[in-house]
Amino acid sequence: MGKPDTATREYINDAEIFADVFNYFIYDGRKVVRPEGLEKLDASTLLTVFGKSGDEETIQRYRDALKKATLMVDDNAAYIVFGIEAQTKVDYGMPIRTFLYDALQYDSQARELKAAHVGAGDKHTDDEFVSGLYKGDRILPVVTVVVHFGAKPWDGATKLSDLYDCKHKEILEFVPECRMNLIDPAGMTDEDFEKFSTSLGKVLKFMKMSNNRLGMKNLMETDDDYSHMERNAARVLRECANISIDIDSNEEVIDVCKAWSDAQRDTAVYAVIRALRGVNLSDSEILKALIDQFQINEEEAESYLTRKSA
């Protein structure tokens, strides 16, 4: 697993962030899903099937984040299984993946119910024996949301039917649809970002602006929240937006504004160095030019000249 995937997976598994995803996506920002009402579930699922040769084959999939939620709806408790898939790149087969993940979760619930009946020695009818599910058994609904942490707009399929080669309407009417639930920052508005109650809104807005230099400059200069971001959020920005951020494991708050500003200055300095070397100026002449143009001291200017990026 690459660094961006590791950073985003750790980030969304935080209970506050996890709850915020579903409060935004389902409840328009209202705090219905509570962090304290979440129970972590095993993110791996197994399914044994029989191959063409008759041999058993095992399908195993790992979810990025999977939790059972207890919600209060109309003064009644409701139980849901929520899953999140964090994507740093567009996956053009994502509707298939989410369809499979949810199906495996339903199968896992059915197996647990069957095992509970066997363990209790429950009597069953002939019909109940077929699947191991009893007439009164019920399973929990599963909702999976894909959170895209990439800068480019999601240009892949968002439902299973987008991938079908068949266009025959009469046939497609009988094919089950599977819609992918997607949070994509490229298509979000400022109002959307404000509906998040955690740093997630700021992270997604940063990703949207990361390819817009003027927009990013304005964001860093006007939004003070980026000057004191939590460490895990800053890690996501560092890995997904590819900016240089020094993150000390002992620091809980990171100044992303300063890190972005420093990165912009570094880029400008290196560009000037390359340009001046291109016209055959000596290092001493370049050194003086850097000190004058960027208002830095001699030691800082020398450090730029000796770095590989120069």
Side-chain angles (χ1 to χ4, degrees), residues 1-2 4-5 8-9 12-13 18 21-28 33 41-52 57-69 71 78-113 131 133 137-188 192 200 204 207-208 240:
M1 186 185 301
D5 295 327
T8 54
R9 179 173 289 187
I12 61 170
N13 269 283
F18 190 97
V21 168
F22 292 94
N23 284 329
Y24 165 79
F25 194 82
I26 298 176
Y27 299 106
D28 201 36
V33 182
L41 299 177
D42 186 355
S44 64
T45 51
L46 287 170
L47 177 63
T48 301
V49 296
F50 291 95
K52 292 182 179 179
E57 297 180 7
T58 300
I59 298 174
Q60 185 169 23
R61 293 292 184 270
Y62 295 92
R63 306 294 302 265
D64 285 345
L66 190 70
K67 300 179 189 292
K68 178 182 176 182
L71 313 178
Y79 304 96
I80 316 289
V81 174
F82 287 140
I84 300 177
E85 296 303 314
Q87 288 297 119
T88 56
K89 298 183 183 300
V90 176
D91 183 340
Y92 294 108
M94 201 68 202
I96 299 174
R97 279 180 57 192
T98 56
F99 181 76
L100 177 59
Y101 289 157
D102 291 351
L104 288 173
Q105 176 55 219
Y106 287 128
D107 178 76
S108 177
Q109 291 186 47
R111 288 169 181 257
E112 289 178 5
L113 288 170
S131 67
L133 287 180
D137 285 340
R138 295 294 181 268
I139 58 177
L140 304 182
V142 180
V143 179
T144 296
V145 172
V146 177
V147 182
H148 183 215
F149 287 94
K152 61 174 284 190
W154 185 279
D155 60 355
T158 56
K159 56 184 184 296
L160 203 55
S161 60
D162 290 339
L163 297 171
Y164 294 150
D165 186 41
C166 174
K167 304 300 180 185
H168 191 23
K169 292 183 179 180
E170 287 78 4
I171 294 294
L172 293 179
E173 286 180 3
F174 296 93
V175 179
E177 180 61 282
C178 179
R179 184 190 65 211
M180 187 183 87
N181 301 315
L182 175 68
I183 295 178
D184 182 31
M188 295 170 65
D192 291 328
L200 180 57
L204 295 175
M207 293 310 306
K208 177 178 181 175
C240 295

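Pairing each heavy atom of Asp162 with each of Ala157, the nearest pair is CB-CB, 3.6 Å. Residues Ile84 and Phe18 come closest through the heavy atom pair CD1-CD1, 3.4 Å. Residue Lys152 comes nearest to His148 through the heavy atom pair O-CE1, 3.0 Å, listed as atom of the first residue, atom of the second, then distance. The minimum heavy-atom distance between Ala186 and Pro153, with the atom names listed, is CB-CA, 3.5 Å. Ile12 and Ala86 get closest at one heavy-atom pair: CD1-CB, 3.8 Å. For Val90 against Trp154, the heavy-atom pair with the smallest separation is CA-CZ3, 3.8 Å.
More than 12 heavy atoms of other residues, nucleotides or ligands lie within 6.0 Å of OH in Tyr106, so this atom counts as buried by the packing criterion. Under a cut-off of 6.0 angstrom, the local environment of OH in Tyr62 is sparse, with at most 12 non-hydrogen atoms contributed by other residues, nucleotides or ligands. By the neighbour-count criterion of 12 heavy atoms within 6.0 Å, atom OH of Tyr79 is sparsely surrounded, having that number or fewer from other residues, nucleotides or ligands.
Side-chain contact between Gln109 and Val81 is present, with heavy atoms from C-beta onward closer than 4.5 Å. Residues Cys240 and Thr8 have side chains in contact (heavy-atom distance under 4.5 Å, counting atoms from C-beta outward). Using a 4.5 Å heavy-atom cutoff, the side chains of Tyr164 and Ile171 are not in contact. At least one side-chain heavy atom of Leu66 sits less than 4.5 Å from a side-chain heavy atom of Gln105. With a 4.5 Å cut-off on side-chain heavy atoms, Tyr27 and Leu71 count as touching. In this structure, Ile96 and Leu160 have side chains that are in contact, with non-hydrogen atoms separated by less than 4.5 Å.
When atom types are taken as modelled, the side chain of Glu85 and the backbone of Asp64 share a donor-acceptor pair closer than 3.5 angstrom. Put simply, the side chain of Asn13 never gets that close to the backbone of Ala65: no donor and acceptor are under 3.5 Å apart. In this structure, Lys208 contributes its side chain and Met188 its backbone to a donor-acceptor pair below 3.5 Å. For Gln87 (side chain) and Val146 (main-chain N/O), no donor-acceptor pair under 3.5 Å exists by modelled atom type.
Atom-to-atom distance recorded for Ile80:CD1 and Lys68:NZ is 10.5 Å, nearest 0.5 angstrom. Rounding to the nearest 0.5 Å places CG of Leu133 at 10.0 Å from CZ of Arg138. Atoms CG and CG, on Asp137 and Leu113 in that order, are 4.5 Å from each other to the nearest 0.5 Å. In this structure, the separation between CZ on Phe149 and CZ on Arg9 is 12.0 Å, given to the nearest 0.5 Å. Residue Asp192 holds its CG atom at 8.0 Å from CG of Asp28, rounded to the nearest 0.5 Å. With rounding to the nearest 0.5 angstrom, the CD atom of Glu177 is 10.0 Å from the CZ atom of Phe99.
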Val21 vs Val33, side chain to side chain contact (heavy atoms under 4.5 Å, CB included): CA-CA, chis, key distance, verdict: CA-CA 9 Å; Val21 168; Val33 182; over 6 Å; no

Test log, rule side chain to side chain contact (heavy atoms under 4.5 Å, CB included), inputs Arg63 and Asp102: CA-CA 10 Å; Arg63 306 294 302 265; Asp102 291 351; 3.9 Å; yes

Stepwise side chain to side chain contact (heavy atoms under 4.5 Å, CB included) check, Tyr24 with Val145: CA-CA 11 Å; Tyr24 165 79; Val145 172; over 6 Å; no

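Ring planes of Phe22 and Phe82: parallel class, angle under 30° (limits at 30 and 60°).
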